[in-house]
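Okay, so here's the structure we're looking at.
As the structure is a computational prediction, the values presented were derived from the model and not from experiment.
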Amino acid sequence: MRMDKQIFDNLSNSNKMKKILFTVVGLSIALVSNAQDAANKKLQAGIIVGTAMNFQKMGTGNLNTNGIGGDFNIGANLNFNINENIAFNTGIEFDLSSMRYSASSTNPVFYHFSDKDIIRKGEWGANNSVFQLTERTQNAKYVSIPTMFLFRTNFIGYFRYFGKFGLRHSILADSKSNDHGYKIANGVAVEGTNENMKRKSEMVFYKGAIGLCGGAEWNFTGSTCLMAELGYYYGFTPLYYSSKEDKRSLYTSSIADGNKFFSNAATQSQLMLKVSVLF
């Protein structure tokens, strides 16, 4: 009887091991099958949402960076898969970007304005008002197109990991500024704000950046994947035009030097986090 019971226990344990083995094999086949669905696709397309921190490098001593700016973007991305490990990434994204500046404490900065328009030197009129700028938040809207190569590992279960390198091209759609400072009239300065101000031909229409990113891709169902990435984008183009004096609007003023006009000179780098769902 003891022998029969031992044989029965061994058979029972053996059946349990077989069930566990079959379960593991089944899950492995399912994982590989789902991963291969995503890996074998020639094209992945989907939506992307991102946020970024903006870092400005100033090229003038009359303005300083005032903290970190922000960026929010949303759009659609495409991955053209060259093979299982290399793809070309592109798409179209819409960026809402902000940059923050403060005026030099030693050289007060001014501009002339009329209603919501900042006036350039060559367009000054008798009815223009004067504003002393202390702080500015520049808000810009861009349409961006990434052109990047994506290098990735094979799937390890549901996951694979990647790096991206290439260019991000941004076209300016709109730009306005919210300014804080002093409105000057009849020699009297009153603290106040100028909101949604615009200046003709101030920001360069094209912004280019070199990007280096890394992240992971999760094949969570069928051939649908969730991607998360963190990237650094180094801006290699100026944000503002370096105009001739008659087309400049910002100036410093002193008894010794009079009015000296200057262009805002800055470049931008971004630390960007993106999440996308690709089908």
Would you sort out whether Asn178 and Thr193 count as a side chain to side chain contact (heavy atoms under 4.5 Å, CB included), showing the intermediate values?
CA-CA 7 Å; Asn178 294 327; Thr193 58; over 6 Å; no

For Tyr111 and Asn194, what are the C-alpha separation, side-chain angles and deciding distance, and is it a side chain to side chain contact (heavy atoms under 4.5 Å, CB included)?
CA-CA 11 Å; Tyr111 66 76; Asn194 274 352; 3.2 Å; yes

Let's go through Leu172 and Val204 carefully: what are the C-alpha distance in whole Å and the side-chain angles of both, what is the deciding distance for side chain to side chain contact (heavy atoms under 4.5 Å, CB included) to 0.1 Å, and is it a yes or a no?
CA-CA 7 Å; Leu172 182 69; Val204 177; over 6 Å; no

Assess the residue pair Asn264 and Tyr101 against the criterion (side chain to side chain contact (heavy atoms under 4.5 Å, CB included)); give the C-alpha distance rounded to whole Å, side-chain angles, the decisive distance to 0.1 Å, and a yes or no.
CA-CA 10 Å; Asn264 188 3; Tyr101 308 113; 3.8 Å; yes

For a side-chain hydrogen bond (donor to acceptor under 3.5 Å, both in side chains) check, start with the C-alpha distance between Arg248 and Ser243, then their side-chain angles and the critical distance, and finish with the verdict.
CA-CA 6 Å; Arg248 297 175 181 176; Ser243 308; 5.9 Å; no

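Of the possible donor and acceptor atoms, one in the side chain of Asn81 sits under 3.5 Å from a partner among the backbone N and O of Lys41. Judged purely by atom type and a 3.5 angstrom limit, Asn219 uses its side chain to pair as donor or acceptor with the backbone of Thr224. Using a distance-only test at 3.5 Å, with no hydrogens or angles considered, a donor-acceptor pair links the side chain of Thr237 to the main chain of Gly208. Looking at Thr134, its side chain does come within 3.5 Å of a backbone N or O of His180 through a donor-acceptor pair. Between the side chain of Ser97 and the backbone N or O of Ala140 there is no donor-acceptor pair closer than 3.5 Å. Panel note: side chain Thr153, backbone Tyr161; a donor-acceptor pair is recorded below 3.5 Å. In this structure a side-chain-to-backbone donor-acceptor pair under 3.5 Å is missing from Asn139 to Ser177. Looking at Arg199, its side chain does come within 3.5 Å of a backbone N or O of Ser201 through a donor-acceptor pair. For the pair Asn83 (side chain) and Asn85 (backbone), a donor-acceptor distance under 3.5 Å is present. The main-chain N or O of Glu195 is found under 3.5 Å from a side-chain atom of Lys116 such that the two form a donor-acceptor pair.
Between Tyr182 and Phe131, the ring centre distance reaches or exceeds 6.0 Å.
Rounded to the nearest 0.5 Å, atoms CD1 (Ile210) and CE (Met148) are 10.0 Å apart. Rounded to the nearest 0.5 Å, atoms CE (Met53) and OH (Tyr232) are 11.0 Å apart. Note that CG of Leu212 and CZ of Phe165 are 7.0 Å apart. Values are rounded to the nearest 0.5 Å. Remark: Ile82 CD1 to Lys42 NZ distance equals 10.0 Å, nearest 0.5 Å. The CG atom of Asn259 lies 8.0 Å from the OG1 atom of Thr252; values are rounded to the nearest 0.5 Å. How far OG of Ser269 is from CG of Asn54: 9.5 Å, rounded to the nearest 0.5 Å.
No continuous path of ILVMFWY side-chain contacts below 4.5 Å connects Ile118 to Ile184, so the two sit in separate hydrophobic clusters. Val130 and Trp124 fall within the same hydrophobic cluster, defined by Ile, Leu, Val, Met, Phe, Trp and Tyr side-chain heavy atoms under 4.5 Å apart, directly or through other members. Linking Ile, Leu, Val, Met, Phe, Trp and Tyr whenever their side-chain heavy atoms come within less than 4.5 Å leaves Phe162 and Tyr233 in two separate clusters. Under the 4.5 Å side-chain heavy-atom criterion for grouping Ile, Leu, Val, Met, Phe, Trp and Tyr, Met272 is not connected to Tyr142 through any hydrophobic cluster. No chain of hydrophobic side-chain contacts below 4.5 Å, direct or via other Ile, Leu, Val, Met, Phe, Trp or Tyr residues, connects Phe110 to Phe262.
Ring-plane geometry between Phe220 and Trp218 is classed as tilted, the angle between the planes lying from 30 to 60 degrees on a 0 to 90 degree scale. Ring geometry for Phe88 against Phe149 counts as perpendicular: the plane angle is over 60°, on a 0 to 90° scale with 30° as the lower cut.
A heavy-atom distance below 4.5 Å is found between the side chains of Lys141 and Leu96. Residues His169 and Tyr206 have side chains in contact (heavy-atom distance under 4.5 Å, counting atoms from C-beta outward).
For the pair Glu135 and Leu133, the tightest heavy-atom approach, listed with the atom from each and the gap, is O-CD1, 3.3 Å. Ser114 approaches Asn128 most closely through the heavy-atom pair CB-ND2, 4.1 Å. Residues Glu84 and Arg160 come closest through the heavy atom pair O-NH1, 3.5 Å.
The pair Lys207-Asp95 does not count as a salt bridge, with every side-chain nitrogen at least 4.0 angstrom from each carboxylate oxygen. For Asp117 and Lys200, the salt-bridge test fails: no basic side-chain N is under 4.0 Å from an acidic carboxylate O. Comment: Glu202 engages Arg136 in a salt bridge, judged by a side-chain N to carboxylate O separation of less than 4.0 angstrom.
The side-chain contact (heavy atoms from CB on, under 4.5 Å) with Leu150 is formed by just one residue from the set Glu229, Met227, Gln44; it is Met227. A side chain to side chain donor-acceptor pair (under 3.5 Å) with Tyr251 holds for exactly one of Lys121, His112, Glu245; it is His112.
Taking a 4.5 Å side-chain heavy-atom cut-off between Ile, Leu, Val, Met, Phe, Trp and Tyr, the cluster of Val190 extends to Val188. Alongside Ile48, the hydrophobic cluster contains no other residue (criterion: ILVMFWY side chains under 4.5 Å).
Heavy atoms from other residues, nucleotides or ligands lying under 6.0 Å from CZ of Phe261 number more than 12.
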Side chains of residues 61-78: which donor-acceptor pairs under 3.5 Å do they make with residues two or more places apart or in other chains?
unit_1 : atom_1 : unit_2 : atom_2 : d
Asp71  : OD2    : Gln270 : NE2    : 3.3
Asn77  : OD1    : Asn89  : ND2    : 3.4
Asn77  : ND2    : Glu93  : OE2    : 3.2

